[in-house]
Amino acid sequence: FQTNGFINYFGMQRFGRYYDTHLAGLEVIKGNFEAAVSIIMRPKSDENDRFTDARRRWENRFKEIDMSDENAAQEAEKKAAQSVSRDLGRFMNCEVSLMNSLSRRPRDYKRAFQAIAKNMRSMFVHAFQSFVFNRAASHRVEVGGKKEVMVGDLVLTEDKSLAEGGGGTSGLKGKAVKVLTEEGVQSGKYSIADVVLPLAGTKIRYPENSTGTYYDEVLGEFGVSKDDLKKLSDRDISLPGDYRRLLCIPSDTTFEVKIYEDPVQPLLETDLMKISGEITATTVKAGEKEENAKADEKEKNHLIGMVIGFTLQPSSYATIALRELMKKPTSADYQRQLQLSGGICESTLDDKHVEGGPKHGGEEKDKSQANGNAKSS
């Protein structure tokens, strides 16, 4: 983990709680704003009855309407939008913005989408970018591995910080790449840590190997092309693209093996716990004592946990670092199935459908808390 790092996937949170943010973004790229609105407004799996009922009323707004009569359709949608908006939660900002716009201008779905706050609008199309990147990252590792550079790979030759006039963690400003030739590969100047993949856009270069053509395959699979990225008329959600490292190699990596009895027993000691004398898990000593401790753990049926600390590069995800380390999904659906006793949770759920990552196996004993771009445990 600390030497080879992990595939620098975008995390599950990038795709929204219901894993459909990128699907709405795809429809926006296609120019199909009605479909994008439908995805945002459709019923969700675990919302309360009030919100579910409101969303179903919206889905069924044309049920008794002759759609050849546009005036009747507009009137039905106007009434539905007014009714639904009253039953939405105050934090459902996208949905509220859509309903408020459609209650004034029914059937104008492009205008309704543009009523969503700028940062939220861009979130949808960026999620689709992230989806394509994750698929491309899996492809690159599948064909070329995680150890060596390949002819045709893109490597980052310049990456200026904000202080140096760059764009920080996002954007093309201050970044430059080159395509590796056979001579560049043989020179040994570049390593796999230098390899980047593009976020699909209008102002970036693509790898000149199978990974480059794979972008066309993924986009084509969803009915769009690189040319469609140029057609976004909303300047606030234009997609110039960016570059992102294929691998993230953590620094400052530390770990401790812990043994404990109670599934909710803390593994980390806070200042308050020091004052109150609350007991934390016991650290397993390295060397010979570690083997003895593991043997004792089996006899006493104790639980084994690990506390890990690391620092990640900007814009990398600690949840992905832990997922790749533990080989367990990080989706909320999967986490809800974990057993408090620390036993193996049998599940077919995984993150592959949005992260492009491998299937997962193994055992997860305890929850870990981590925050990217900072020392965390």
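This is a predicted model, so every value here is computed, not measured. Side chains are part of it too, since the values below use all heavy atoms of this structure and drop only hydrogens, waters and symmetry mates.
There is no side-chain donor-acceptor pair under 3.5 Å between Thr282 and Lys258. Donor-acceptor pairing under 3.5 Å is recorded for the side chains of Asp66 and Ser68. A donor-acceptor contact closer than 3.5 angstrom links the side chains of Asp46 and Tyr18.
Within 6.0 Å of atom CZ in Arg50, more than 12 heavy atoms from other residues, nucleotides or ligands are found, so the atom counts as buried in its surroundings. Counting heavy atoms of neighbouring residues, nucleotides and ligands inside a 6.0 Å radius, atom CZ of Arg107 exceeds 12 of them. In the displayed structure, Lys30 atom NZ is contacted under 6.0 Å by more than 12 heavy atoms of other residues, nucleotides or ligands. For Phe62, the CZ atom sits in a packed shell: over 12 heavy atoms of surrounding residues, nucleotides or ligands are nearer than 6.0 Å.
In this structure, Ile237 and Phe113 have side chains that are in contact, with non-hydrogen atoms separated by less than 4.5 Å. At least one side-chain heavy atom of Leu322 sits under 4.5 Å from a side-chain heavy atom of Phe310. At least one side-chain heavy atom of Phe33 sits less than 4.5 Å from a side-chain heavy atom of Val28. Inter-residue side-chain proximity for Gln129 and Asp242 is flagged as unmet; no heavy-atom pair is nearer than 4.5 Å. For the pair Val151/Leu180, no side-chain contact is recorded, criterion being any heavy-atom separation below 4.5 Å from C-beta on. Within the 4.5 Å cutoff, side-chain heavy atoms of Arg56 are placed close to those of Thr52. Annotation: side chain of Glu77 is not in contact with side chain of Gln74 (no heavy-atom distance under 4.5 Å).
Phe1 and Phe6 have parallel rings, their planes meeting at less than 30° on a 0 to 90° scale where 60° marks the start of perpendicular. Between Tyr214 and His139, the ring-plane angle classifies as parallel under the 30° and 60° cut-offs.
Both the sub-6.0 Å distance and the 45° axial angle are not jointly satisfied by Lys178 relative to the ring of Tyr190. At least one cation-pi condition fails for Arg14 and Phe133: the charged atom is not both under 6.0 angstrom from the six-membered ring centre and inside a 45 degree cone around its axis. The cationic atom of Arg55 (NZ for Lys, CZ for Arg) does not lie both less than 6.0 Å from the six-membered ring centre of Trp58 and within 45° of the ring axis.
Ring centroids of Phe131 and Phe222 are separated by less than 6.0 Å, placing the two rings close together.
Remark: Asp20 engages Lys44 in a salt bridge, criterion side-chain N to carboxylate O under 4.0 Å. Taking the charged nitrogens against the carboxylate oxygens, Asp228 and Lys231 do have a contact shorter than 4.0 Å, which makes a salt bridge.
Atom CD1 of Ile65 is separated from atom CG of Asn60 by 12.0 Å, given to the nearest 0.5 angstrom.
A donor-acceptor pair is defined here as one N or O able to donate and one able to accept, closer than 3.5 Å; such a pair exists between the side chain of Asn48 and the backbone of Phe51. Side-chain atoms of Thr202 never come within 3.5 Å of backbone atoms of Lys230 as a donor-acceptor pair (strictly under, hydrogens ignored). Judged purely by atom type and a 3.5 angstrom limit, Ser101 has no side-chain atom pairing as donor or acceptor with the backbone of Leu98.
Checking Asn8, Leu197, Val195 one by one against Arg245, the side chain to side chain contact (heavy atoms under 4.5 Å, CB included) holds for a single residue, Asn8.
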